Asker: 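I have a structure here, written as structure tokens, and I will follow up with some questions on it.
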Amino acid sequence: MERPVSAVCHGLASGTSEIQEFSLYDPGFPAHRIVLIDTPGFNNASMDDETVLGLLTHWQSQLVNRESSYSKTSTRLAGIIYLHDITQKRLSRSGQYDKVFKQLCGTDNWALKVVLATTMWDEIPIQMGEARERDLRKEYWKLMLKSGSRVARFDGTRPSARELVIPFVAMSGSETTRELKRQTRRSLTFPLLSSP
């Protein structure tokens, strides 16, 4: 049974203080269980980036331990959806997490596993949001985009969320076709990392 959706925090402080998992299934990919991971955001007032990364590392190690009890399930990190509030006027270090993403995704083609998704488009004039998005692409996210990451706009709707997640599932499916034939179900995890 699926867990309820996490509450969205609209204030300046991070609304997530611990890692939360949310499982879902997509009828287009019946052999996959998709697990979204909501994490505390970077540039968090209540914990530093190293603590957030430590929580993620600990969660990954617990996942490996859980795997041993599920002989027919294989779970791996398929991608990271980094959520960035487009209404933010300034960016401190949140545009420079390529080292963190590389550590979480592994060194091979790590950038292909990262989507840099902007949010809160309904809270800003479109021209201003587009100018900020251009700045993010040209300055802060340039290295990740050059390495293969992509930028997307998340508008808070189910179709928009699906557009963020499904490419990872499809990519994973093409990489693991033979393995899927031997397994009953494959789980994919997507940490949702966000700036405050």
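No experiment lies behind these values; they were computed from the predicted model shown.
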Asker: How many angstroms lie between CD1 in I37 and CD1 in I80, if you round to the nearest 0.5 Å?
Answerer: 11.5 Å
Asker: Please enumerate all residues that pass side chain to side chain donor-acceptor pair (under 3.5 Å) together with T118, with sequence neighbours excluded.
Answerer: W121
Asker: To the nearest 0.5 angstrom, please state how far the CD atom of E18 sits from the CG atom of D38.
Answerer: 10.0 Å
Asker: State which residues pass salt bridge (Lys or Arg N to Asp or Glu O under 4.0 Å) with R137; sequence neighbours excluded, sorted by chain then number.
Answerer: none
Asker: Run the salt bridge (Lys or Arg N to Asp or Glu O under 4.0 Å) test against D135 and tell me which residues pass, sequence neighbours left out.
Answerer: none
Asker: Checking A152 now: which residues fulfil side-chain contact (heavy atoms from CB on, under 4.5 Å) with it, not counting sequence neighbours?
Answerer: V115, R150, L164
Asker: First locate atom NE2 of H84, then atom CZ of R132, and finally report the distance between them rounded to the nearest 0.5 Å.
Answerer: 8.0 Å
Asker: The criterion is side chain to side chain donor-acceptor pair (under 3.5 Å); which residues satisfy it with T87, sequence neighbours excluded?
Answerer: D85
Asker: Show your working on side chain to side chain contact (heavy atoms under 4.5 Å, CB included) between L136 and L116 and close with a plain yes or no.
Answerer: CA-CA 10 Å; L136 289 167; L116 305 160; over 6 Å; no
Asker: Given the rule in the side chain to side chain contact (heavy atoms under 4.5 Å, CB included) test, do R162 and D26 qualify, once you have shown the distances and angles that lead to the verdict?
Answerer: CA-CA 9 Å; R162 193 172 190 279; D26 186 281; 2.7 Å; yes
Asker: Would V35 and F22 satisfy side chain to side chain contact (heavy atoms under 4.5 Å, CB included), going step by step from the backbone distance to the final call?
Answerer: CA-CA 5 Å; V35 181; F22 302 91; over 6 Å; no
Asker: Any chance you could measure T119, atom OG1, to Q88, atom CD, to the nearest 0.5 Å?
Answerer: 8.5 Å
Asker: Applying side-chain contact (heavy atoms from CB on, under 4.5 Å), name anything that partners D155, two or more places apart in sequence or on another chain.
Answerer: T157, S160
Asker: Hey, could you give me the CE/CD1 distance between M120 and I86, rounded to the nearest 0.5 Å?
Answerer: 11.5 Å
Asker: Mind checking whether L143 and Y82 sit in one hydrophobic cluster, side chains of I, L, V, M, F, W, Y counted as touching below 4.5 Å?
Answerer: no
Asker: Passes side chain to side chain contact (heavy atoms under 4.5 Å, CB included), E133 versus V151? Steps please.
Answerer: CA-CA 9 Å; E133 185 180 56; V151 174; 3.8 Å; yes
Asker: Taking only residues two or more places apart in sequence or in another chain, which ones pass side-chain contact (heavy atoms from CB on, under 4.5 Å) with L55?
Answerer: I19, P40, M47
Asker: Test of understanding: with side-chain contact (heavy atoms from CB on, under 4.5 Å), list the residues that count as partners of R134, not counting sequence neighbours.
Answerer: E130, A131
Asker: Side chains of E163 and F154: closer than 4.5 Å at any heavy-atom pair?
Answerer: no
Asker: Counting N and O atoms only, with roles assigned by atom type, does the side chain of S149 sit under 3.5 Å from a partner on the main chain of L112, one being a donor and the other an acceptor?
Answerer: no
Asker: Hey, could you give me the CD1/CZ distance between I81 and F168, rounded to the nearest 0.5 Å?
Answerer: 5.5 Å
